[in-house]
Amino acid sequence: GDAFNATAFPILDELIQTWVGRETQGEVRLRYGSASDYERYVDLLDHWAETSGHKNLTRIDIEQAIFTLERERRRNRETSE
């Protein structure tokens, strides 16, 4: 299927888990392999897309933004060490 379709399934990896945990101050914990946590993750992405103020934003757009932010944070941390 189309990876950018509004109903595409996002990937829940360690980068995403770290970012969500940090940015929600530990209120949202997403465990790898947990179907209920994955469902909560998809619901959270959909909620953030719907409340973003951008009409055509999808869960995949939100996922990509999170991934990019966390990847860049790690790159910046590595170069400052």
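Taking the side chain to side chain contact (heavy atoms under 4.5 Å, CB included) definition, one finds that Glu27 meets it with Thr24, sequence neighbours left out. For Thr79, there are no side-chain hydrogen bond (donor to acceptor under 3.5 Å, both in side chains) partners at least two apart in sequence or on another chain. In this view, Arg75 and Glu72 satisfy the side-chain hydrogen bond (donor to acceptor under 3.5 Å, both in side chains) rule, not counting sequence neighbours. Taking the salt bridge (charged side-chain N to carboxylate O under 4.0 Å, His left out) definition, one finds that Arg31 meets it with Asp37, sequence neighbours left out.
Glu23 contributes atom CD, which lies 8.0 Å from atom CG of Leu69 (distance to the nearest 0.5 angstrom). A distance of 8.5 Å separates CG of Leu12 from OH of Tyr32, quoted to the nearest 0.5 Å. Atoms OG1 and CD, from Thr58 and Gln64 in turn, are 7.5 Å apart once rounded to the nearest 0.5 Å.
The side chain to side chain donor-acceptor pair (under 3.5 Å) analysis of residues 41-56, with sequence neighbours excluded, yields the pairs Asp46-Arg59. Applying the side chain to side chain donor-acceptor pair (under 3.5 Å) test to residues at least two apart or on different chains, the pairs with a partner in residues 9-22 are Glu14-Thr18, Glu14-Arg74, Thr18-Arg74, Arg22-Glu70.
For CZ of Arg71, the number of neighbouring non-hydrogen atoms (other residues, nucleotides, ligands) closer than 6.0 Å is greater than 12. Taking a 6.0 Å sphere around CD1 of Ile11, one finds it holds 12 or fewer heavy atoms contributed by other residues, nucleotides or ligands.
Leu44 places none of its side-chain heavy atoms less than 4.5 Å from the side chain of Leu30.
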